[in-house]
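Taking it in order: structure first as structure tokens, then the write-up.
All of these numbers come straight from a predicted model, not from anything done at the bench. Every number for a ligand or one of its atoms is a count from 1 in the order of the listing. All heavy atoms count here, side chains included; hydrogens, waters and symmetry mates do not.
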Amino acid sequence: MTVQFAAPALAAPQATTGLILALPKGRILKEVQPILARAGLVPGSDFDDEDSRHLRFPTNHPGLDVVRVRPFDVATFVAHGGAQIGICGADVLMEFDYPEIYAPLDLGVGRCRVSVAGPADDAVEEEAGRWSRVTVATKYPGIARRHFAARGVQAEVVHLNGAMELAPSLGLARLIVDLVQTGSTLKANGLVEREVIAPVTSRLIINRTALKTEPELIGGWLARFREALAA
Ligand SMILES: Nc1ncnc2c1ncn2[C@@H]1O[C@H](COP(=O)(O)OP(=O)(O)OP(=O)(O)O)[C@@H](O)[C@H]1O
Ligand SMILES: O=P(O)(O)OC[C@H]1O[C@H](OP(=O)(O)OP(=O)(O)O)[C@H](O)[C@@H]1O
């Protein structure tokens with residue numbers, strides 16, 4: 001099958017050794033696919049088939065394969081050098097804070113925020129300023145601990161991987177730290193946003209060592225992504 005795409009002005013970087021781009025499966029991938037296409041990158045094979053058991057896919061560039069991994073794992077694959085380039089949310093970067101990762105490009109997709117939320121009960125908010133300890137349910141233990149520590153509050157973290165919004169009503173924790181976009185999930189579960197910790201968008205990330213050893217190749221891809229965003 002011949003794949004058509006608008007070729008950016010920049011020449012395709014030529015790989016001497018293969019590069020791996022780690023992409024997050026799920027919601028970001030859908031938003032990122034038009035950017036990949038504008039960068040002239042077309043994953044082949046059965047990449048679009050969510051039922052496929054393949055994890056690594058060739059692309060229209062022989063020197064670049066993509067791997068499809070869980071959003072939280074993109075940063076870990078790139079930090080460990082298993083993938084040289086990746087795309088993940090700023091929330092994931094904040095959580096792990098890997099020194100090996102360079103995040104030069106904001107892709108402007110996956111826009112939301114990481115926030116503290118709690119029961120829609122004013123009394124709780126009034127008390128909050130006086131707490132020295134708090135229980136927090138979250139999939140972001142690092143962000144939560146650092147956020148509360150900076151306010152002199154010790155956070156006792158209950159680590160969940162989803163449905164954090166259930167935690168206050170079921171007695172697991174008083175507060176949650178989670179992503180908020182429209183606020184409808186909080187509202188549907190009787191919670192209110194109390195404090196925005198940080199805004200979130202998805203970033204192009206690069207392994208710093210790989211950038212030193214393959215500056216032209218990886219720099220070429222960075223330029224293609226920059227052009228794709230400007231297009
Ligand atoms: N409601 C949202 N609005 C916008 N962006 C979001 C939203 N929720 C998550 N994101 C962004 O998308 C990324 C992936 O979230 P997603 O919910 O697809 O995966 P996940 O639930 O972390 O993955 P897994 O299936 O491995 O548990 C997040 O790290 C964040 O950057
Ligand atoms: O403010 P909102 O627009 O309601 O979005 C926020 C919700 O989006 C994310 O969950 P997601 O839908 O990705 O489900 P998950 O819990 O499986 O990660 C996040 O964990 C919130 O629950």
Given Val66, Leu204, Leu23, the one that forms side chain to side chain contact (heavy atoms under 4.5 Å, CB included) with Ile85: Leu204

Any idea which part of [X] is under 4.0 Å from ligand 1, heavy-atom wise: side chain, backbone, both or neither?
{"X": "Arg111", "result": "backbone"}
{"X": "Thr182", "result": "neither"}
{"X": "Arg27", "result": "both"}

Where is the tightest heavy-atom contact between [X] and [Y], given as atom of each residue plus distance?
{"X": "Ile28", "Y": "Gly89", "answer": "CD1-N, 4.0 Å"}
{"X": "Val74", "Y": "Ala22", "answer": "CG1-O, 3.8 Å"}
{"X": "Lys212", "Y": "Pro215", "answer": "O-CD, 3.4 Å"}

For residues [X] and [Y]: do they belong to one hydrophobic cluster (side chain heavy atoms under 4.5 Å, members Ile, Leu, Val, Met, Phe, Trp, Tyr)?
{"X": "Val116", "Y": "Val157", "value": "no"}
{"X": "Ile218", "Y": "Leu229", "value": "yes"}
{"X": "Leu172", "Y": "Val153", "value": "no"}
{"X": "Val32", "Y": "Trp221", "value": "yes"}
{"X": "Leu170", "Y": "Leu160", "value": "yes"}

Whether Glu165 lies under 4.0 Å from ligand 2, heavy atom: yes

Side chains of Pro168 and Leu191 in contact at under 4.5 Å (non-hydrogen atoms):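 Sidechains of Leu191 and Pro168: in contact.
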
Geometric N/O contact Asp91 with ligand 1, under 3.5 angstrom: yes

Looking at [X], which atoms of ligand 1 are within less than 4.0 Å of one of its heavy atoms?
{"X": "Ile28", "value": "12 (O), 13 (C), 31 (O)"}
{"X": "Val200", "value": "31 (O)"}
{"X": "Leu179", "value": "8 (N), 9 (C), 10 (N), 28 (C), 30 (C)"}
{"X": "Gly89", "value": "31 (O)"}
{"X": "Val92", "value": "29 (O)"}
{"X": "Gly110", "value": "4 (C), 5 (N)"}

Closest to atom 11 (P) of ligand 2 (judged by heavy-atom distance), picking from Arg113, Glu193, Arg27: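 Shortest heavy-atom distance from atom 11 (P) of ligand 2: Arg27.
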
Per atom 19 (O) of ligand 1, closest listed option by heavy atom (Cys112, Pro24, Pro71, Ala75):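 That would be Pro71.
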
Numbered atoms of ligand 2 (with element) below 4.0 Å of Ser184, judged on heavy atoms: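 Reading through ligand 2 atom by atom, the close ones are 1 (O), 4 (O).
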
Atoms in ligand 2 with a heavy atom of Val180 nearer than 4.0 Å: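 Matching atoms, with element in brackets: 1 (O).
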
Glu193-Ser115 side chain donor-acceptor pair, cut-off 3.5 Å: yes

How far is [atom] from the closest protein heavy atom, and which atom is that?
{"atom": "atom 4 (O) of ligand 2", "value": "Thr185 OG1, 2.4 Å"}
{"atom": "atom 24 (P) of ligand 1", "value": "Arg70 NH2, 3.5 Å"}
{"atom": "atom 3 (O) of ligand 2", "value": "Thr182 OG1, 2.6 Å"}
{"atom": "atom 5 (O) of ligand 2", "value": "Gln181 N, 3.7 Å"}
{"atom": "atom 20 (P) of ligand 1", "value": "Lys139 NZ, 3.5 Å"}
{"atom": "atom 18 (O) of ligand 2", "value": "Lys139 NZ, 4.2 Å"}
{"atom": "atom 16 (O) of ligand 2", "value": "Ala163 N, 4.1 Å"}
{"atom": "atom 6 (C) of ligand 2", "value": "Leu179 O, 3.4 Å"}

NZ or CZ of Arg68 within 45° of Phe57 ring axis and under 6.0 Å: no

Nitrogen or oxygen atoms of Gly183 and ligand 2 under 3.5 Å apart: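 Indeed, backbone or side chain, Gly183 has an N or O that close.
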
Ligand 1 contact by Gly162, heavy-atom criterion under 4.0 angstrom: no

Region of Leu186 engaging ligand 2 - heavy atom pairs below 4.0 Å: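 The answer is neither.
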
